[in-house]
Amino acid sequence: MDKDNGMKDKAKGIKDKIVGEAKDSYGDATNDHSKQAEGKAQKAKGEVEKTVGKTKEKLNDKDDK
């Protein structure tokens, strides 16, 4: 198991959520549906990455006990 305790995944998830939100907002403001869709997909990817990080953290916590 990674010794980063899931922090890398959580950090990537946060970054992808922020960038995805910006793309989604930009697409909404400019009526660019493909940019909006790209942003929504990146936000969803960010959620998955955060969940993976949290799961790794929980697994590492159990291993330490």
Side-chain angles (χ1 to χ4, degrees):
M1 187 74 51
D2 282 342
K3 291 297 178 191
D4 71 4
N5 205 19
M7 288 300 296
K8 287 180 186 176
D9 293 300
K10 289 191 285 187
K12 281 177 54 179
I14 291 168
K15 178 200 67 107
D16 277 331
K17 282 185 66 175
I18 292 169
V19 172
E21 182 62 43
K23 287 179 182 179
D24 186 13
S25 294
Y26 174 80
D28 189 36
T30 61
N31 206 27
D32 183 342
H33 299 293
S34 65
K35 187 59 74 176
Q36 251 185 313
E38 185 181 329
K40 289 181 188 310
Q42 191 163 3
K43 285 192 295 185
K45 177 183 172 188
E47 279 296 321
V48 170
E49 288 169 336
K50 277 181 58 181
T51 301
V52 167
K54 288 178 182 181
T55 302
K56 283 182 179 179
E57 182 179 48
K58 287 180 183 178
L59 289 173
N60 283 334
D61 286 347
K62 286 181 180 180
D63 288 344
D64 292 339
K65 292 182 180 179

As an exercise, state the distance from [atom1] of [X] to [atom2] of [Y], rounded to the nearest 0.5 Å.
X     : Y     : atom1 : atom2 : result
Asp24 : Lys35 : CG    : NZ    : 11.5 Å
Asn5  : Leu59 : CG    : CG    : 10.0 Å
Asp28 : His33 : CG    : NE2   : 9.0 Å
Glu21 : Gln42 : CD    : CD    : 11.0 Å

Practice task
List for me each residue that meets side-chain contact (heavy atoms from CB on, under 4.5 Å) alongside Thr30, sequence neighbours excluded, and say none if there are none.
Solution key: Tyr26, Asp32
Which donor-acceptor pairs under 3.5 Å do side chains of residues 45-54 form with protein atoms, sequence neighbours excluded?
{"from": "Glu47", "atom 1": "OE2", "to": "Lys17", "atom 2": "NZ", "distance (Å)": "2.5"}
{"from": "Glu49", "atom 1": "OE1", "to": "Gly13", "atom 2": "N", "distance (Å)": "3.4"}
{"from": "Thr51", "atom 1": "OG1", "to": "Glu47", "atom 2": "O", "distance (Å)": "2.9"}

Fill in the blank from the handout: Sorted by chain and number, sequence neighbours left out, salt bridge (Lys or Arg N to Asp or Glu O under 4.0 Å) with Lys15 holds for none
